[in-house]
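So you know, we letter chains A, B, ... as the sequences are listed, proteins then strands, and number each from 1. Computed from a prediction, not measured in an experiment: that's the story for all the values here.
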Amino acid sequence: MSEVVILAQFVDGKIAKASLELIAFGARAGSVTALVLAEVGAGPALAGQLNVGSVSEVLVLESADFAKHGVAAAAEAIASVVSEKKPAALLISSSAFGKEVAGCVAVSTDSGIITDAVDFSAELRATQLVFGGSTTVHSRITHGCSIITLRPNSIAPDMAPATPQISIKQMSVGDLAKLALTVSTQPPVTGGRPDLTEAQYIVSGGRGTNGDFGPVEALADALGAAVGASRAATDAGWYPHSLQVGQTGKTVSPQLYVACGISGAIQHRAGMQTSKTIVAINKDPDAPIFELADFGVVGDLFAVLPQVTDGVRARKS
Amino acid sequence: MPLLVSDLPTSNICNVNIAVCVKQVPDSWAEKKMVAGVLDRESAEAVLNDLDEYAVEEALRIVEAHGGNGDAGPHKITVISMGPSRATDAARKALSMGADSAIVVTDGALAGSDAIATSRVLAKVITDGNFDLVICGTESTDARMSVVPAMIAQRLNWASLTFAGSLVVAPDTGDISITRVTESGVDLIKAKLPAVVSVIEKINEPRYPSFKGIMAAKKKVMDVRDLASLSLDANTVGIVGAWSVVEDAVARPARSAGIKVVDEGNAGNALVEFLVEKKLI
Ligand SMILES: Cc1cc2nc3c(=O)[nH]c(=O)nc-3n(C[C@H](O)[C@H](O)[C@H](O)COP(=O)(O)OP(=O)(O)OC[C@H]3O[C@@H](n4cnc5c(N)ncnc54)[C@H](O)[C@@H]3O)c2cc1C
Ligand SMILES: Nc1ncnc2c1ncn2[C@@H]1O[C@H](COP(=O)(O)O)[C@@H](O)[C@H]1O
């Protein structure tokens, strides 16, 4: 049976949901090896979380270089595993880090790469939604390892227990992976809400909030949603860039996306138009966001949102 | 012993030779379609990739902070683009913003190139050109992969400093640092030149070409090269050299607008009913 290597990533020491999704995709095409890049000593606690889905092997590489040398160190470590194991596929979650690592591994292992796939088949075929979700593309890699990055929220993780074989090795990367040094890291601000890319529900605010995200956050909390923002809102400093949705922010596809005071510029739509259900609240009846909205409210968000929040709370209690 | 940036030899670069990679893309607003598995670039109006304007602007700001380029000072900015022959238009726009010269790689064999091939061609041009710093956008609005800059760095064995929300370069010491802004947070990253940087749209506000700039750009050097002049094998690029194939591309039904209500005091409740109906709450 062919082997599929997935990169297992962790948020605050906990396995990312997106990584569990990769396990479910990988199992379609072969036996799954979960690769973990860990700080020295952190391996066992991380590996222990991979006793799920159909993981048959957990390979932990421990190195102090991962925190210091980011993408380059990760790419070198992963490339060495790909060269040694020659897996049929390497699956990584789509993120700035994930895509760059995939790109560097593709170059160093002479492999093809497909990014931002939303599906992956037993035949190693990837499905992508391109041109703002208007076209479905099926493609395949024809050379080397099939290196594919998959968007979070694309499959239900398989949480059935498994008993993988675990090995932990220490390593260090070569000088060429150390040309750039990460001096400090500031984690993203989430305000205790769900992670934007993994969230099933997202409520986003734009310039129309005029800087007051209170009603947006209140509805998000009633729904158990993540909060997102348009570029106008992040440019104004009302919300951090890490929560920007759109072409140069995150691409999300939750069950429900509520756009509040957002006009629906093409760059914003690029990040959210594959959401399953879209709701828009906007004062301007001609705002382009209404072209995609399953339910649009022409009105003042400061009047509409509190009513929605109260209604949601009442239904949930 | 781990190698630290401070242990690296000082580069002693005084005149920074900057390459800015710019791509010509179909206008974001134009309808895009695939023909035989490849984006039909002829059918849409072509523009300079939005994000690459930020890369050009950042290059201009670096040189302006250290004496200038062209007639004003010792530094040089070369625009590099790979694409169809009309990619010279995108390069020309970058020249009109203030870059000094352009290299455009165009060759029939390049059509259908993937990121692997694109990075191969750009890296070759950069290797041939004696550059210290390469600045890219983070993403092309058509491919949307955000991988080309990291791949170029990988091929050149240069430091990769991508997703820069701010950039500082010291031409005398060769020190370079960025704040990397991604969904994983904000990192401070340091290295020595030579390096590849990609910039996010928060980094600056690109200038509009002035009338003088547009006129001056017409006289600047536009060096158009084909694969043979780069000594690159045509089999490693384009559709033949692409290591992924599109098996099919199907248009999805356009998303159509649904219910739209005008709030007269009760639209919030109607929205709640909609969410209940959709089993979302
Ligand atoms: C290279 C590049 C990259 C970009 N990347 C992104 C990106 O990743 N994400 C992104 O979002 N944008 C991005 N943009 C910017 C994008 O083009 C728009 O400028 C931005 O999305 C606008 O944000 P907005 O909808 O919040 O603001 P606006 O377009 O100003 O819209 C505000 C809306 O709020 C409505 N409104 C005002 N008051 C109220 C009220 N009280 N109640 C209800 N509605 C109200 C108005 O009718 C209006 O429709 C990018 C642009 C460029 C050039
Ligand atoms: N054909 C090209 N010519 C010049 N630069 C390019 C080309 N393709 C990509 N780039 C550069 O790489 C960046 C990222 O592109 P991508 O990886 O395609 O999203 C762009 O913003 C450009 O700076």
Side-chain angles (χ1 to χ4, degrees), chain A residues 71-72 95-97 99-100 103-104 106-108 111-115 131 134-143 175-176 178-188 241-242 247-248 250 255-256 266 273 277 279 290-299 303-304 307-308 311-312 315-316, chain B residues 2-5 28-29 32 34 115-116 119 138 141 145-147 150-151 154-155 157-163 181-191 200-202 243-252 254-255 257-263 267-269 271-272 274 276 278 280-281:
Chain A
V71 170
S95 65
F97 172 86
K99 292 204 282 187
E100 286 197 320
C104 293
V107 166
S108 60
S111 302
I113 173 175
I114 294 172
T115 56
F131 308 151
S134 66
T135 307
T136 305
V137 170
H138 293 109
S139 42
R140 212 166 26 82
I141 284 168
T142 53
H143 197 283
D175 289 349
L176 286 177
K178 293 181 182 165
L179 295 172
L181 177 71
T182 303
V183 180
S184 65
T185 296
Q186 232 177 287
H241 179 74
S242 58
Q247 187 197 317
T248 45
K250 290 194 184 185
Q255 292 298 324
L256 174 66
I266 191 148
Q273 56 196 343
T277 300
V279 169
F290 286 124
E291 293 162 20
L292 347 164
D294 299 291
F295 194 99
V297 177
V298 181
V304 178
Q307 194 175 65
V308 183
V312 170
R315 294 280 168 171
K316 284 200 162 178
Chain B
L3 185 75
L4 295 175
V5 168
S28 314
W29 289 102
K32 290 168 207 158
M34 306 273 284
I116 306 261
S119 65
T138 20
T141 51
M145 291 183 74
S146 298
V147 294
M151 284 178 166
Q154 169 91 19
R155 288 186 185 280
N157 283 326
W158 286 12
S160 176
L161 298 96
T162 48
F163 290 87
V181 182
T182 68
E183 61 264 70
S184 325
V186 180
D187 302 330
L188 175 61
I189 299 182
K190 291 190 171 175
I200 66 166
E201 93 290 354
K202 294 268 187 278
W243 289 344
S244 54
V245 286
V246 171
E247 297 194 328
D248 57 64
V250 199
R252 299 169 83 219
R255 190 156 200 142
I259 308 158
K260 189 159 146 193
V261 298
V262 177
D263 184 36
N269 294 327
L271 172 50
V272 174
F274 170 80
V276 171
K278 285 272 180 184
L280 286 162
I281 48 172

When rounded to the nearest 0.5 Å, the distance separating NZ of B:Lys190 from CG of A:Leu181 is 8.5 Å
Closest non-hydrogen atom pair, A:Ala106 against B:Ile116:
CB-CD1, 3.8 Å
Where B:Ser244 and A:Ile113 come nearest, the two heavy atoms and their spacing
OG-O, 4.2 Å
Report which part of A:Leu176 has an atom under 4.5 Å of a heavy atom belonging to chain B: side chain, backbone, both, or neither.
side chain
List in chain and number order the residues that pass ring-ring contact (aromatic ring centres under 6.0 Å, His included) with B:Phe274, two or more places apart in sequence or in another chain; answer none if no residue qualifies.
A:Phe295
Top contributor to chain B interface from A:Ser242, A:Ser108, A:Ser184, A:Pro187 [non-hydrogen pairs under 4.5 Å]:
A:Ser184
Under a 4.5 Å cutoff for heavy-atom pairs, which residue among B:Val272, B:Ile189, B:Val245 has the most contacts with chain A?
B:Val245
Quick one: list whatever passes side-chain hydrogen bond (donor to acceptor under 3.5 Å, both in side chains) with B:Thr138, sequence neighbours left out.
none
Under 4.5 Å from a heavy atom of chain B, the part of A:Lys250 involved
side chain
Between atom CH2 of B:Trp243 and atom CD1 of A:Ile114, what is the distance when rounded to the nearest 0.5 Å?
14.0 Å
In terms of heavy-atom proximity below 4.5 Å to chain B, should A:Glu291 be classed as side chain, backbone, both, or neither?
backbone
Engaged part of A:Arg140 at the chain B interface, taking heavy atoms whose separation is under 4.5 Å
both
Quick check on the interface: out of A:Gly112, A:Pro188, A:Ser139, who has the most heavy-atom pairs with chain B under 4.5 Å?
A:Pro188
Quiz question: by atom type and distance under 3.5 Å, do the side chains of A:Thr248 and B:Glu201 form a donor-acceptor pair?
yes
Checking heavy atoms, do the side chain of A:Val312, its backbone, both or neither come under 4.5 Å from chain B?
both
Side chain / backbone / both / neither for A:Val71 at chain B, heavy atoms under 4.5 Å
side chain
Would you compute the distance between atom CD of A:Glu100 and atom CD of B:Gln154 and round it to the nearest 0.5 angstrom?
11.0 Å
If I take atom NZ from residue B:Lys278 and atom CG from residue A:Asp294, how far apart are they, to the nearest 0.5 angstrom?
5.5 Å
Roughly how far, to the nearest 0.5 Å, is NE2 of A:His241 from CD1 of B:Ile200?
4.0 Å
Nearest heavy-atom pair of A:Ala180 and B:Ser160: which atoms, and what distance?
CB-O, 3.9 Å
Let me know if A:Ala293 has heavy atoms under 4.5 Å from chain B in its side chain, its backbone, both or neither.
backbone
Counting heavy-atom pairs under 4.5 angstrom with chain B, the leader among A:Gln255, A:Gln273, A:His138, A:Arg315 is A:His138
Sort out for me which of B:Val147, B:Val186, B:Val276 touches chain A most, counting heavy-atom pairs under 4.5 Å.
B:Val186
With a 4.5 angstrom heavy-atom cut-off, is it the side chain or the backbone of B:Ala251 that approaches chain A, or both, or neither?
both
For the pair A:Gln307 (side chain) and B:Asn269 (backbone), establish whether a donor and an acceptor sit closer than 3.5 Å, ignoring hydrogens and angles.
yes
On a heavy-atom basis, which atom in A:Gly299 and which in B:Asp263 lie closest, and how many Å separate them?
CA-CB, 4.0 Å
Heavy-atom closest contact (B:Thr182 atom, A:Ala96 atom, distance)
CG2-CB, 3.6 Å
Rounded distance (nearest 0.5 Å) linking atom CD1 of B:Ile281 with atom NZ of A:Lys316:
7.5 Å
